[in-house]
Amino acid sequence: MTDQKPETTEQRGTKRSNATVAVICTGVFFGMVGLSFAAVPLYELFCQVTGYGGTTQRAEEASDTILDREIIVSFDANVAPGLDWDFKPKQKKVRVKLGQMTEIMYEAQSLAKQVSTGTSTFNVAPFEVGGYFNKIDCFCFTEQPLESGESIDMPVVFFIDPEMDKDESLKNIKEITLSYTFFEMPKDGEEETAAVATPSDAATDKL
């Protein structure tokens, strides 16, 4: 039998270092898994707070300050593939003062042969203006069902925060574009039908 030599201080230190590295790697792994689930809501919250990516802000009431500086606001409308709608702004652009509350209208009409449901996302350009563009009323992120041939007017009430005038990087901004894109929502029961069909088909195969 071979006698085992006692561990040296260096060997014990190496083992402790390896164990520490293993613990750190495990922690990083589970941390990354956790972050992957939290990434979307955290990113949305980040955008809402900072205006990053052209995300606008929400406001409960109009500004109590109106400046003389004017900005042209243009309106853009898009429909994603799969949703058979005609979607457009009722006015192409408006000229507003910083702090001035303004209401405009978008119009959507279903060209589909059956009931269809859409929901919209939005952004503003230049992206840097997102933190100053405040919406009081908006149809974004709400499910909007339309019968075949039905049309609807959808208001947007907004103002541009007068604080934008203090932002030196935005001193030369003269025009802002507010853009919406409508996407088709899944029809009710589609997911449930798919889920129910799978066991049924499997049972049939065994007969």
Side-chain angles (χ1 to χ4, degrees), residues 40-80 83-111 115-147 149-185:
V40 173
L42 286 175
Y43 180 76
E44 290 179 351
L45 178 60
F46 171 75
C47 290
Q48 290 171 2
V49 171
T50 64
Y52 181 80
T55 303
T56 64
Q57 308 300 297
R58 293 288 298 181
E60 298 298 327
E61 57 186 17
S63 170
D64 55 5
T65 302
I66 298 178
L67 304 182
D68 291 333
R69 179 182 172 185
E70 293 184 330
I71 297 286
I72 295 174
V73 182
S74 301
F75 305 102
D76 179 51
N78 306 278
V79 179
L83 184 62
D84 194 8
W85 282 16
D86 179 31
F87 174 54
K88 59 190 176 185
K90 285 200 162 186
Q91 53 269 85
K92 292 293 185 181
K93 57 182 61 179
V94 294
R95 184 183 295 272
V96 301
K97 294 182 177 182
L98 296 187
Q100 176 185 352
M101 185 174 69
T102 304
E103 179 177 351
I104 60 98
M105 287 283 183
Y106 274 81
E107 178 184 21
Q109 181 179 19
S110 173
L111 306 178
V115 177
S116 55
T117 302
T119 187
S120 67
T121 60
F122 65 91
N123 74 340
V124 295
F127 289 165
E128 296 81 4
V129 178
Y132 298 101
F133 198 101
N134 292 269
K135 290 192 293 186
I136 297 176
D137 188 20
C138 174
F139 55 85
C140 49
F141 301 124
T142 58
E143 296 184 15
Q144 180 60 61
L146 290 179
E147 299 282 349
E150 182 182 4
S151 62
I152 186 173
D153 289 342
M154 298 173 290
V156 179
V157 181
F158 69 91
F159 68 90
I160 304 171
D161 193 333
E163 290 296 311
M164 175 179 152
D165 195 51
K166 299 178 182 178
D167 192 329
E168 293 296 329
S169 65
L170 302 177
K171 282 292 186 181
N172 295 324
I173 296 295
K174 300 184 183 300
E175 184 166 353
I176 297 171
T177 299
L178 175 63
S179 179
Y180 285 89
T181 300
F182 256 102
F183 297 85
E184 183 180 25
M185 293 291 293

Q | Flag side-chain contact, heavy atom, 4.5 Å: V94 against F158 | A | yes
Q: Kindly indicate whether the side chain of I66, heavy atoms from C-beta on, has any atom under 4.5 Å from the side chain of L98.
A: no
Q: List the steps and the verdict of ring-ring contact (aromatic ring centres under 6.0 Å, His included) for F159 and F133.
A: CA-CA 6 Å; F159 68 90; F133 198 101; 8.9 Å; no
Q: State, with a plain yes or no, whether a side-chain heavy atom of T181 is found less than 4.5 Å away from one of D76.
A: no
(Q) Does Q100 form a side-chain contact (heavy atoms from CB on, under 4.5 Å) with S63? I'd like the steps, not just the answer. (A) CA-CA 7 Å; Q100 176 185 352; S63 170; over 6 Å; no
Q. Which atoms form the tightest heavy-atom contact between P145 and E143, and what is the distance?
A. CD-O, 3.5 Å
Q: Ignoring hydrogens and angles, tell me if any N or O in the side chain of S110 forms a donor-acceptor pair with the backbone of W85 under 3.5 Å.
A: no
Q) Can you find a heavy atom in the side chain of T121 that is under 4.5 Å from one in the side chain of N123? A) no
Q.
Donor-acceptor check, side chain of N134 to backbone of Y132, threshold 3.5 angstrom: yes or no?
A. yes
Q. Which heavy-atom pair separates I173 from I71 by the least distance, and what is that distance?
A. O-CD1, 3.2 Å
**Q.** Heavy-atom closest contact (A108 atom, L146 atom, distance)
**A.** O-CD1, 4.1 Å
Q. Who are the salt bridge (Lys or Arg N to Asp or Glu O under 4.0 Å) partners of D64, not counting sequence neighbours?
A. none
Q: Search all heavy atoms of N78 against all heavy atoms of S179 and return the closest pair with its distance.
A: ND2-OG, 3.4 Å
**Q.** L67 to K97 - nearest heavy-atom pair and separation
**A.** O-CB, 3.2 Å
Q: Kindly write out the residues that satisfy salt bridge (Lys or Arg N to Asp or Glu O under 4.0 Å) with E103, not counting sequence neighbours, or none if the list is empty.
A: none
Q.
With a 4.5 Å cut-off on side-chain heavy atoms, are Q144 and I152 touching?
A. yes
Q) Side chains of V156 and Y106: does their closest heavy-atom pair fall under 4.5 Å? A) yes
Q: Mind checking side chain to side chain contact (heavy atoms under 4.5 Å, CB included) for S74 and listing every partner two or more places apart, or none if nothing turns up?
A: I72, K93, E175, T177
Q: Please list, chain by chain and in numerical order, all residues satisfying salt bridge (Lys or Arg N to Asp or Glu O under 4.0 Å) with K166, sequence neighbours excluded.
A: E163
**Q.** Closest non-hydrogen atom pair between K88 and A77, with its separation
**A.** CA-CB, 3.7 Å
Q) Partners of D165 by salt bridge (Lys or Arg N to Asp or Glu O under 4.0 Å), sequence neighbours excluded? A) R69, K171
Q) Less than 4.5 Å apart, any side-chain heavy atom of V157 and any of M101? A) yes
Q) Tell me, do S120 and F139 make a side-chain contact under 4.5 Å, heavy atoms counted? A) yes
Q.
Suppose we screen for ring pair (Phe, Tyr, Trp, His ring centres under 6.0 Å). Which residues come up paired with F75, at least two apart in sequence or across chains?
A. none
